[in-house]
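The structure appears below as structure tokens.
The figures that follow rest on heavy atoms only: side chains count, while hydrogens, waters and symmetry mates do not. Chain identifiers are assigned alphabetically (A, B, ...) following the order of the sequence lines, protein sequences preceding nucleic acid strands; residue numbering begins at 1 within each chain.
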Amino acid sequence: MKAYSYFPGCSLERMAASYRLSAAETARALGVELRELEDWNCCGATAYFHIDELLAATLCARNLAMAEQEGLDLVTPCSGCYKNMYFTRAHLREDPDLAEHVNTALAEDGLQFRGTVQVRHLIEVLVQDVGLPEIKKRVTHPLRGLRVAPYYGCQILRPRKGREDDEQPRFFEDLLTTIGASPVDFPLRDRCCGGSLIVTHRQAALSMAYALLQDAIDHEAEVIATVCPLCQVNLECYQRHVNRTFGTNFGLPVLYFTQLLGLALGIPSQRLGIGKELISPAPVLARVGG
Amino acid sequence: MADTAAPAAVKPKVAFYWCASCGGCEEAVVDLAEAILDVVGAVDIAFWPVALDFKRHDVEAMDDGALLASFVNGAIRTTEQAEMALLLRQKSQLLIAFGACAHLGGIPGLANLWDRESIFRQVYAESPSTVNPEGTLPQTRSEEDGRRLTLPGFYDTVRSLDQVVPVDYYLPGCPPTPKIIVQAVQTLLSGALPPQGMVLAPDRALCDECPRKDTRPEKLTTSEFKRPHQVLIDETTCLLAQGLLCMGPATRAGCEALCVRGNMPCSGCFGPTSRVRDHGGKALSAIASIVASNDTGEIERILAQVPDPIGTLYRYSLPSSLLRRRRREAA
Amino acid sequence: MARTLTFEQEIANLFYAMDSNPVQACIQCGICSGTCPAVAFMQHSPRAIIAMIRAGQKKAVLASNTYWACASCYACSVKCPQGIDVAAMMYGLKRYSLWRNHYRTVPLGADFSRRFVRLITKYGRSYEPGLAAPYVLRHGFRGLLDEIRTALGLLRKGRLPLLPHRIKRAESLRRVIWQILPVGGRA
Amino acid sequence: MPQISGSPNGRPRVGVYICHCGTNIAGIVDVRALSEHAATLPGVVVARDYKYMCSDPGQELIIRDIAEHDLHRVVVASCSPLLHEQTFRNAAAKGGLNPFQVQMVNIREHDSWVHADRQAATAKAKDLIRAAVRRVALHRPLERRRVPINPDALVVGGGIAGIHAALTLANAGKHVYLVEREPTIGGHMAQFDKTFPTLDCAACILTPKMTQVRAHPNITLWTYSEVAQVGGYVGNYEVTVRRKPRYIVEDLCVGCRECIEACVYKEGKTRDEFNLGLSKRKPIYMPFPQAVPQLVVIDPETCIEFKSGKCKKTCVEVCGDRKAIDFTQQERVETIHVGTIVLATGFKVFDAQRIPYYGYRTYPQVYTALEVERLVNAAGPTSGEVVLRDGRRPESVAIVHCVGSRDENTNRWCSRVCCMYSLKLAHLIKEKTDAEVYNFYIDIRTPGKGFEEFYNRVQEEGTHFIRGKVADIYPAGDDRGRLIVQAEDTLLGKVRKIPVDMVVLAVGLEPRPDTQDVRRLFNITCSTEGWFLERHPKLAPVNTFTDGVFLAGACQGPKDIPDSVAQAGAAAAEALALIDAGSVELEPYTAFVVEEDCSGCKTCIPLCPYNAIAFVAETKKAAINEVLCKGCGVCVAACPSGSITQNFFEDEAIFEEIKGVLAHA
């Protein structure tokens, strides 16, 4: 069983509790051990970089330093945390002055950043390390015919992480195909959902969410799958607001990729946190026997 | 107390001395077999601690230049060795660095990868066989029951002989081969002295006299370096062509490829030719040039198969190399 | 020798840590604006902001809502033909305006960021109600109803925490932060 | 130091000359202090500073001093040796010295131009001069060697540049081998319809030149062939050419094309390379009607006879007694000897799929400019009709500029021709379809003769120009299947979303993917972008760093047709100048093996990039062919026993130089 340090991120504590549940369940089912970092702190989200770049880097570095103590690569299911920690690691490795500054601060907590562990997104670990053939072997309840819009969002792809398919990613579609679902063509799959503006610039955020929802519906998606808690909240919890603002009548469920994966692996839906949605996916899932 | 009854037609006096070395060079003198009789017949050995009971004060008592030649083996590790090197220099017309340690620093010179403190820590505290609960370290001076004891000082850095005193000639090898020694003695006794500073061995690389020379391909590349214990070595083919790291191309000839004839790769004890300033550096460029790849990752993989690169490429020459020793941490 | 930096240089210096070319490299092609999903909500397009920075129009730049409307999606950064990390520049402008206390004239973003930092300094983790609550009144009466319905829905589903989670070593985290922000209170 | 008889204190007598270079050097460096310092150095008998050492009076100073002061060595501290080493060597030679006993010190590029602190710059110049004085004492006299030049020439690549270079050389009476990889010559120009800005018919001006090549008695034309190996050196290259089998006996085929008609395939099934896949071809085909040579070619990948051996061979039947079809033909390898080589291997267009958000190959309405060239060409797949893949005529067309140019994510450089060909296509499309044409541009660059006037003409024709780089292309979702082209109109400061029927991507020019292989083959260098590197961007734009190898056309960088032709003419002229000189002087900076030191370990042999080292069986030692040696020094550095020495760069001289730099006054 391959083990990783695990950084769930603040959203998974409550707002995205179902992501937390389903990530744990699917990882276990696929033989991946996620050891939650003890006493992890917020990565700084998008708001922290407004205040102080150095402080934001320090917050991320604290988590990285704790993962280094474990000697395990750090995995997070949240795209925002992923991006922050990925680039903090990169910048600290490139800039010894910055690293020294940050390490002086971390010494207060008895920690030191050395840059020895990698930062990974959960979907990357499942698709690359576990591998699609292995996942395919374990699928017991393929989601046959379920039309899913694979929503990548921004921060898992951008800024570029130096992966081969950063520009034209396929991994989400491939994962959905592996579990028997039908990924729909979703042109706006990597367009921003506006999540980080939902509090501060409601109008902009809703219009961005609206464009995505409309695009998914236009391409006959029955459900949107996400890899990020902020996207899920924005697209699902604020769908009502979108409807009100744009005079639409969307009722498109938005699920975490781990929930769909878990269903395909035969994990009971309540253990995947299904039922915590404001827009119930039950009717669609019932069709595929989920 | 020696040779008080020496005849008027005095035989030239010579001395042998042993600094930081394994003792193999002393054996090499004995190894001359019958030829040693010629040597003993031709010269008068005035000082040879390992074999004859002369003391330091005997040497001190000699006139400057009283010795025709002193053969000093071993590197300079302690203050005592440095003092003796100076003393013998003063008393000798010719000072000869005998063997790889005196010539280049030798195996003891690899200690330059560490410093005095870490060596002491390892030897007197951390090594598994050490019992030293009080953590006592060697002292140059100590008192015990009112008696004073002294020990030679231990330098931080090992040096070759010529880094301590001027040297006239070098006899290379670990140890020098009988043939080299006999030739050297004959040359010195003949009076037709070669230019000062010469290494008394051919100034070409070992490949010149290697019996396997013809089996090296013109365009040799390798994607794997092997160690002798990992393969069955073909007894006739160039060792580099078999992926064994042979120092022959970068090492001075003169040993008649003894190791290669014994089916082992050359380890470089004769040092470089006179035209090369850094033995390991040249060996590295020769080794690197046969790596069969242009891909950085692949090259790293191949070169990673060379265990302990300094111990391999600079096995006998670290103190006399451009590197000299491992960089010291700034205090 | 002390030298007064131009506004352009100041902004260029603000994203030094990113692997990015400075704003001086901009060729005004407009692909950042063309690709920006929030451009319709910006008083000036990202390209125009860069032009204004280069023209030294500091006041107008800082008064603009552009950088607070940036959603940090980095679409501009990856497409910029000159390798300018435009999103990082937006962060830079946010920091700049906060440092200069300019944020008082800007509606929400700055205030939100300040609250966020205060929260994390105290607890080590984020806490949604504490963050969002102060802003619900800003969306008008109908908006408020929506907001309450959403919040109740989430609460019913167990998705809203009632209390913030405090990490165990919150004290030492605070000391870490003090090393970086000696004034502490600024956050 | 070597002892020189007759010189005081046993050293060679050195003269030091310090150039002010106007204020270039004297503005930063205290030249007077330099000459005073130089005069104090051991061995220096005269030291002078002068306003322009490279001028005639400056050189005269050196020539006079050599006689008056009996100089053995000369040091000139001035600019880069690249510029004036030859000047001062010639001056020394005139004065009776061996030219290689001159050493230059670069106190301009290496000092005055890169430093601002006068004191420090002067100190640095002193160090450099001291080093040169110590080094030059060890310079041995060297001789240049002369080798004769083979008058035959090789031109690689049969596009417009290669064609023009070959014709120029052939017209001057030299025998030329023209080697082209494709089955026909013509290159990219043959694919174009009109040429900007004059709107000449490309075929009308190109095909006569192609025919001339075919008919020229001095040209040996090998199409469907590739250079496999290049050996030798300037004036004496030995080139191996691989000639792929076309399964047609060249001497027997008359180009009647009846075999194509007769092929058992009634319709073409294979992607037609010449039409970029906009049409299909048969297994037996001719790339285009005016192909030169007028020979068909059989593609064994798709020919039934090759795949199964069970074809009815209707082609053979119709060829009849001519017997021009030969399924057993094998690849031939020819070896030729030439003195000079012109490389004209051209470019490739940018692969638009690398920018996913432009939708090339995702949306069928998106074309590359080269594809549209074929569409508007009367001999093209649509007989010159501009129609979409579904047969409709577009009513609105967007031309997207700078696709794969001026972009750090793809290629940094401006491809130079796209603005003009975009304007040309805008004009042609409008002429043929009367569509609304939108040009999305960053800057319109029209710096050529008649270019700006053409731009104005296209503007007046009513083409729209929107200043903004296209950010996104996506379906409009309307029933006409239009695409939305989204960009900020930067002049308005508004994002515009324009629905169009057709998108033309103005793809940039790139080095060919096999550039590195070709570079190694001909032993030349590439710029960081991958274009073949000229010896000097201004003063030697068609030379390479390998003597006798010249560059023509877009393999050196993006170029339009007139520039390619001009450069091809220049390359041919340089080659002719070399050929007609009859022989060439080789630099003496070669390496040599000191035979008595060599152990014959063979380490050096595979390392030589010029194959100049051989193992001599009789002596069992290595030997360097001085004519092949370029003096790169690799063998010198690699020789594990230090037995290889390089003229002019002997260890002792280099160590003296280092000691000189480090011996601060």
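- Sparse packing is recorded around CD of Glu235(B), with 12 or fewer heavy atoms of other residues, nucleotides or ligands lying under 6.0 Å away.
- No more than 12 heavy-atom neighbours from other residues, nucleotides or ligands sit within 6.0 angstrom of CZ on Arg227(B).
- Heavy-atom pairs under 4.5 Å with chain D were tallied for Lys219(B), Glu209(B), Lys213(B); the largest tally goes to Lys213(B).
- The stretch residues 523-532 of chain D places none of its residues near chain B, where near means some heavy atom under 4.5 Å from a heavy atom of that chain.
- No side-chain N or O of Arg204(B) forms a donor-acceptor pair with one of Ser641(D) less than 3.5 Å apart.
- For chain D, the nearby part of Leu220(B) is the backbone; its heavy atoms alone come within less than 4.5 Å.
- For the pair Arg216(B) and Phe615(D), the NZ or CZ position fails the cation-pi test of under 6.0 Å to the six-membered ring centre and within 45 degrees of the ring normal.
- Of the two parts of Ala637(D), only the backbone, made up of N, CA, C and O, holds a non-hydrogen atom closer than 4.5 Å to a non-hydrogen atom of chain B.
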Between side-chain atoms of residues 243-255 of chain B and protein atoms elsewhere (two or more places apart, or another chain), which donor-acceptor pairs fall under 3.5 Å?
unit_1    : atom_1 : unit_2    : atom_2 : d
Thr251(B) : OG1    : Met247(B) : O      : 2.8
Thr251(B) : OG1    : His279(B) : NE2    : 3.1
Arg252(B) : NE     : Pro272(B) : O      : 3.4
Arg252(B) : NH1    : Ala201(B) : O      : 3.2
Arg252(B) : NH1    : Pro202(B) : O      : 3.2

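- Heavy-atom proximity under 4.5 angstrom to chain B picks out Glu596(D), Asp597(D), Cys598(D), Ser599(D), Gly600(D), Cys601(D), Lys602(D), Thr603(D), Ile605(D), Pro606(D), Leu607(D), Asn611(D) from residues 594-612 of chain D.
- Environment of CG in Leu662(D): crowded, with over 12 heavy atoms of neighbouring residues, nucleotides or ligands closer than 6.0 Å.
- Of all residues spanning residues 616-632 of chain D, those with a heavy atom less than 4.5 Å away from chain B's heavy atoms are Lys620(D), Lys621(D), arranged by number.
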